[in-house]
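Side chains included, hydrogens not; waters and symmetry mates left out as well; all remaining heavy atoms used.
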Amino acid sequence: MKFHFEGDVADLLPGIQLLSDELGIDLGEDGIAVHIEPSDGELEVGLKQNRAYIRYGIKHQFFRGFGLLVQHSRKSTAFHIREKQQFDQVGPMFDLSRNAVLTVDSFKFMLNKLALMGMNTVMLYMEDTYAIEEEPYFGYMRGRYTQDELKEIDDYADLFGIEAFPSIQTLAHLEEFLKWEPIKHYRDTKGALLVGSETTNALIDNMIEAASAPFRSRKIHIGMDEAEELGRGKYLDANGYESRFNIMVAHLEKVLEAVRQRGLKPLMWSDMFLKLASGNGDDYYNKDTFIPEDMARRIPKDVDMVYWDYNHTEPEDYEKLIANHRPLGCNLVFAGAVWIFNTFGVNYGLSLNASNVALQVCKQEGIREVYATMWGDDGNEGNPFAALLGLQLYAEHAYSDEKPTEAQLAERVKFCSGIEMDAFLQFKDLDEVPGSEPNNSKQSNPSKFLLYQDVLLGLFDKQIEGLALNDHYTELERRIRDKRDPEAELDYLLDVPEKLSAVLKQKSEIGLVLKQVYDAGDTEKLEEIATTQLPAIAAAVHELRAAHRTQWLRMFKPFGWEVIDIRYGGVVNRLDTASVRIIDYVQGRIGRIEELEQERLVYSTVNRFNQKGTGWCSYYYRMASPNVFFHVMNPF
């Protein structure tokens, strides 16, 4: 397929060429003539009698139109498409702070996909992963971006009319910076800055300068979420008790001073103000929350409030919570999520349902700016490319006043990503297992805790009794394999879930079997497990690790992979120790296996016995052992 563009295309040609290369199409005088002209804001794309047209209002709309032209030209010789953008700004937020820092090339590849979707903004969430010249410990050994790297990302995004801008933290969520002893003077608590000090104010000024300087955009997200520790550490020792609201407002004014001096437009997460207004200080989703007039009066109005909500599935919830925000008097922005966190997969059951509802309510409520967050966790086993189906849903909502149909979403994601919708949906079944609530609405994550739990200790075994998870993962491995497409550039995304399924089809229930066989005194079966089954699981883990390492180094900077490497090593070493312990018992060198003598208890009240799914655990160290991994009283 070949195209020839007519009209004012000078500013568009670099992006056209990049996407043409990716789509495998040619440009030339003998191609289909495509007339390009401005519109009053709507996007129109069509083809008739071997002549095509793209009419667009804003630069990014052209590239969505270009994609639609190629997509529909492959199946039709005549068509007309008209779309009206429903949000002024729509795009993803990439968490670049929890070990998985996208390489510049990987980021560019993602931007190609976003351009075809019609996204026009991208938020880079960077707690400490951007360089500050005056602060060598900021992002030290964490894969931080240099100023040149951020500028390169911004330049590339601009080719498609995509506005890239930084999202940083100027109050809490700074554990990875504040852990360093040489900068302890900035620390109030483990993760919160010591506000009210001149040294902290100077640090924040440097943060805002370093984060904003590489970008064309004048927008900056200043964070300030989940700061429950505010004023409760060194601040309290030095100043005595002060209400968190007073501390918060005073600190916000200091941050805004630095922002205003640079002509920047700030956004911040809204949760702390809602929590403080709720009465108990920690309930962000309290539908009865009322913002008192005296509180609203003291909150600056030149900062946009970002309402984040990742798991509600009823319109009334969003309507009420949006109403709760209105008295703040600030422009309201919405942030939903594609659930790639705390899992090897993607919780598409919850993500797609929640996003469909949230985005329709945003349209009805007049919210003009929406983001799809893709948070990391305590190590980042997941990845944002697996979330492309969820991002595609945001894009299709952005160009339709109605909810996109499943067929439309499937066709678009296949065109923009090269991967079938059904293949993306396999990611959800890593966690949407027997025993889960419908659509995994309770956010169970067995793909992670079943891999990392110890076979002798069986911390989660009680919660999965009778669920036939080995059978589930055997079938999932087959289904993933059947969905593979070696010709697709992103087919490698399915390699990790396929090999993880190959591990879990053997490992999910092995702890239950071990306990049962041990209690029955079946030493012959115990020996077979020790000499055959556990080594087979270890071999499968080695294959998974190799695939995961290849994927990581293809997407991310190397910093942070050592965490996952260590975790795989822990799984394999504990399998080896289990084999040794069992053989020692079978051959009479020890009189019992104490680990298998212990009664199995449910891990937590989050379990299938009270309709909470198969269980949830956020932290690797809690999955791997009930014993002390680290204990900090006074780290310095």
Say you draw a straight line from [atom1] of [X] to [atom2] of [Y]; how long is it, rounded to the nearest 0.5 Å?
X: Leu544; Y: Lys499; atom1: CG; atom2: NZ; value: 8.5 Å
X: Thr343; Y: Phe427; atom1: OG1; atom2: CZ; value: 10.0 Å
X: Phe424; Y: Lys483; atom1: CZ; atom2: NZ; value: 13.0 Å
X: Asn353; Y: Asn311; atom1: CG; atom2: CG; value: 12.0 Å
X: Leu409; Y: Lys414; atom1: CG; atom2: NZ; value: 14.0 Å
X: Leu500; Y: Lys507; atom1: CG; atom2: NZ; value: 10.5 Å

If you take all heavy atoms of [X] and [Y], which pair is closest and at what distance?
X: Leu596; Y: Leu456; value: CD2-O, 3.7 Å
X: Leu393; Y: Ser355; value: CD2-CB, 3.8 Å
X: Ala578; Y: Leu534; value: CB-CD1, 3.8 Å

Applying salt bridge (charged side-chain N to carboxylate O under 4.0 Å, His left out), run through Arg484 and Glu498 and close with a yes or a no. CA-CA 10 Å; Arg484 302 290 298 267; Glu498 181 182 339; 2.6 Å; yes
With distance as the sole test, does [X] use its side chain to make a donor-acceptor pair with the main-chain N or O of [Y] at under 3.5 Å?
X: Thr550; Y: Ala546; result: yes
X: Asp188; Y: Gly233; result: yes
X: Lys557; Y: Ala100; result: no
X: Arg567; Y: Tyr620; result: no
X: Asp95; Y: Thr373; result: no
X: Arg608; Y: Gln463; result: yes
X: Ser417; Y: Val413; result: yes
X: Arg98; Y: Leu96; result: no
X: Thr129; Y: Arg144; result: no
X: Ser436; Y: Val433; result: yes

Side-chain contact test, heavy atoms from C-beta onward, threshold under 4.5 Å: evaluate it for [X] versus [Y] and give yes or no.
X: Lys113; Y: Leu388; result: yes
X: Ile153; Y: Lys108; result: no
X: Val306; Y: His221; result: yes
X: Val346; Y: Lys428; result: no
X: Glu135; Y: Tyr186; result: yes
X: Asn99; Y: Trp552; result: yes
X: Leu512; Y: Gln516; result: no
X: Asp431; Y: Lys448; result: no

Residue pair [X] / [Y], side-chain donor-acceptor N/O under 3.5 Å:
X: Trp616; Y: Ser618; answer: yes
X: Gln169; Y: Asp128; answer: no
X: Gln533; Y: Glu528; answer: yes
X: Trp308; Y: Asp271; answer: yes
X: Glu509; Y: Tyr473; answer: no
X: Tyr603; Y: Gln453; answer: no
X: Ser501; Y: Glu477; answer: no
X: Tyr310; Y: Asn347; answer: no

Pair [X] + [Y]: ring centers closer than 6.0 Å:
X: Tyr125; Y: Trp375; value: yes
X: Tyr518; Y: Tyr585; value: yes
X: Tyr130; Y: Phe138; value: yes
X: His548; Y: Tyr568; value: yes
X: Tyr394; Y: Tyr371; value: no

Parallel, tilted or perpendicular, judged at 30° and 60°: which one describes the rings of [X] and [Y]?
X: Phe107; Y: Tyr145; result: perpendicular
X: Tyr137; Y: Trp180; result: tilted
X: Trp339; Y: Phe341; result: parallel

[X], [atom1]: over 12 other non-hydrogen atoms inside 6.0 angstrom:
X: Glu487; atom1: CD; value: no
X: Lys462; atom1: NZ; value: no
X: Glu475; atom1: CD; value: yes
X: Glu133; atom1: CD; value: no
X: Tyr140; atom1: OH; value: no
X: Tyr619; atom1: OH; value: no

Assess the residue pair Glu229 and Arg232 against the criterion (salt bridge (charged side-chain N to carboxylate O under 4.0 Å, His left out)); give the C-alpha distance rounded to whole Å, side-chain angles, the decisive distance to 0.1 Å, and a yes or no. CA-CA 6 Å; Glu229 297 177 349; Arg232 293 181 173 179; over 6 Å; no
Determine, step by step, whether Leu350 and Asn440 satisfy the side chain to side chain contact (heavy atoms under 4.5 Å, CB included) criterion, reporting the C-alpha distance in whole Å, the side-chain angles of both residues, the deciding distance to 0.1 Å, and the verdict. CA-CA 6 Å; Leu350 177 58; Asn440 199 8; 5.7 Å; no
Might you work through the side-chain hydrogen bond (donor to acceptor under 3.5 Å, both in side chains) test for Tyr452 and Glu381, ending with a clear yes or no? CA-CA 12 Å; Tyr452 291 141; Glu381 281 84 358; 2.8 Å; yes
Begin from the C-alpha positions of Lys612 and Glu437 and carry the test salt bridge (charged side-chain N to carboxylate O under 4.0 Å, His left out) through to its verdict. CA-CA 7 Å; Lys612 297 290 180 66; Glu437 291 297 289; over 6 Å; no
Using 4.0 Å as the upper bound for N to carboxylate O, is an ion pair formed by Arg479 and Asp429?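 Salt bridge present between Asp429 and Arg479.
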Electrostatic pair Lys275:Asp283 at N-O distance under 4.0 angstrom: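 Salt bridge between Lys275 and Asp283, a charged N being under 4.0 Å from a carboxylate O: no.
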So Ile583 and Glu527, side chain to side chain contact (heavy atoms under 4.5 Å, CB included) or not? Walk me through it. CA-CA 6 Å; Ile583 293 300; Glu527 185 172 16; 4.1 Å; yes
